[in-house]
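Residue numbering restarts at 1 for every chain, and letters A, B, ... go by the order of the sequence lines. Being a predicted model, the structure only gives us computed values, none of them experimental.
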Amino acid sequence: GENVEQHPSTLSVQEGDSAVIKCTYSDSASNYFPWYKQELGKGPQLIIDIRSNVGEKKDQRIAVTLNKTAKHFSLHITETQPEDSAVYFCAASDDYKLSFGAGTTVTVRA
Amino acid sequence: KAGVTQTPRYLIKTRGQQVTLSCSPISGHRSVSWYQQTPGQGLQFLFEYFSETQRNKGNFPGRFSGRQFSNSRSEMNVSTLELGDSALYLCASIPGTATYNEQFFGPGTRLTVL
């Protein structure tokens with residue numbers, strides 16, 4: 001089955017700085033890679049996703065990159081704000097089953 | 001557009017009991033997935049339903065079961081509860097109209113087994 005590793009487990013950044021979270025996957029059949037943000041007491045919220053036929057995707061301050069050869073993908077958040085503080089999960093899938101990374105707790109310091 | 005609804009939001013049960021959780025997907029969405037979230041194991045896939053049929057199943061014991069109704073609403077059932085079943089159970093709503101779809105999660109049901 002798919003195995004997704006996510007690093008780092010915790011990340012503390014100064015407001016305005018950038019945050020980068022990296023994930024690797026094991027199954028070359030995976031072709032859909034979403035990122036979720038989970039705030040305390042809430043379910044995961046889809047913030048951006050990328051498919052295997054695309055190398056990079058950007059949405060305002062958030063961008064994702066995918067390297068299929070190396071089997072890794074990354075989330076980049078620029079100009080971080082206090083409301084970016086949350087737990088972020090990467091996931092990989094080749095069907096409707098999402099395999100999640102362990103999560104990264106991001107803290108944005110004011 | 002209303003989001004994913006899960007009921008109840010919180011539940012306390014004792015070992016050996018059984019529990020049923022409910023999920024109403026986003027209107028028009030035809031597929032529902034269930035996940036278990038725990039601090040130790042993270043987010044793990046339970047099963048996925050499309051048009052009342054289970055299409056995918058994760059590595060959970062047979063005590064975990066589910067079903068989907070004709071209106072796309074889904075329920076999951078856990079029988080003979082164990083302490084380790086304490087978790088946040090998340091339902092994800094999927095459009096189901098293309099091969100690979102975004103999954104939109106509900107707020108979850110927090111189950112505590114005593």
Side-chain angles (χ1 to χ4, degrees), chain A residues 1-10 21 23-54 57 59 62 64 66 68 73 86-105, chain B residues 3-7 9-10 21 23-26 29-51 53-60 66 68 74 87-110:
Chain A
E2 176 65 275
N3 181 46
V4 179
E5 293 192 358
Q6 182 172 346
H7 300 280
S9 57
T10 61
I21 304 171
C23 290
T24 60
Y25 62 99
S26 61
D27 190 348
S28 57
S30 289
N31 52 22
Y32 176 61
F33 307 91
W35 287 86
Y36 287 87
K37 174 184 180 182
Q38 187 173 27
E39 297 174 313
L40 204 60
K42 297 183 179 180
Q45 175 194 2
L46 178 66
I47 56 173
I48 197 167
D49 57 14
I50 192 168
R51 301 184 191 275
S52 59
N53 58 347
V54 176
K57 183 177 178 181
D59 182 6
I62 295 174
V64 290
L66 171 65
K68 284 178 58 180
F73 55 115
V87 180
Y88 291 80
F89 293 94
C90 62
S93 174
D94 68 344
D95 55 24
Y96 291 104
K97 172 187 173 182
L98 290 175
S99 296
F100 284 88
T104 297
T105 301
Chain B
V4 181
T5 303
Q6 290 190 246
T7 57
R9 292 293 312 278
Y10 302 91
L21 312 180
C23 170
S24 292
I26 294 169
H29 285 195
R30 300 166 62 188
S31 179
V32 169
S33 285
W34 288 89
Y35 292 81
Q36 180 196 65
Q37 186 176 25
T38 60
Q41 299 299 315
L43 281 148
Q44 293 189 294
F45 172 77
L46 280 157
F47 25 66
E48 181 253 341
Y49 287 88
F50 175 80
S51 292
T53 301
Q54 187 182 90
R55 286 198 299 194
N56 291 283
K57 188 177 190 303
N59 297 322
F60 278 81
Q68 186 181 32
S74 178
L88 181 67
Y89 288 89
L90 293 159
C91 165
S93 176
I94 310 166
T97 55
T99 306
Y100 308 107
N101 288 274
E102 303 94 333
Q103 300 198 18
F104 302 94
F105 284 88
T109 294
R110 172 74 61 186

Would you call the rings of A:F73 and A:F33 parallel, tilted or perpendicular if under 30° counts as parallel and over 60° as perpendicular? tilted
Parallel, tilted or perpendicular: which describes the rings of A:Y36 and B:F105, with under 30° parallel and over 60° perpendicular? perpendicular
When you compare the side chain of B:T109 with that of B:T7, does any pair of heavy atoms fall below 4.5 Å? no
Check whether B:E48 gets within reach of chain A through its side chain, its backbone, both or neither, counting any heavy atom under 4.5 Å. side chain
By salt bridge (charged side-chain N to carboxylate O under 4.0 Å, His left out), which residues pair with B:R9, not counting sequence neighbours? none
Residue B:L43 versus chain A: region with a heavy atom under 4.5 Å: both
Checking heavy atoms, do the side chain of B:R55, its backbone, both or neither come under 4.5 Å from chain A? side chain
Heavy-atom distances under 4.5 Å only: say whether A:P34 touches chain B with side chain, backbone, both or neither. neither
Would you kindly say whether B:Q103 and B:S93 are connected by a side-chain donor-acceptor distance under 3.5 Å? no
If you count the non-hydrogen atoms of other residues, nucleotides and ligands that lie under 6.0 Å from CG in A:N53, is the total more than 12? yes
Residues passing the ring pair (Phe, Tyr, Trp, His ring centres under 6.0 Å) test with B:F45, sequence neighbours excluded, are B:Y35
Less than 4.5 Å to any heavy atom of chain A: does that hold for the side chain of B:L88, its backbone, both, or neither? side chain
If I measure from the heavy atoms of chain B, does A:K42 come under 4.5 Å with its side chain, its backbone, both, or neither? backbone
Given that the side chain runs from C-beta out, which part of A:L46 has a heavy atom under 4.5 Å from chain B: side chain, backbone, both or neither? side chain
If you count heavy-atom pairs within less than 4.5 Å of chain B, which of A:A91, A:P44, A:G43 leads? A:P44
Checking heavy atoms, do the side chain of B:Q37, its backbone, both or neither come under 4.5 Å from chain A? side chain
Against chain B, label A:Q38 side chain, backbone, both or neither, depending on which of its atoms sit under 4.5 Å from a heavy atom there. side chain
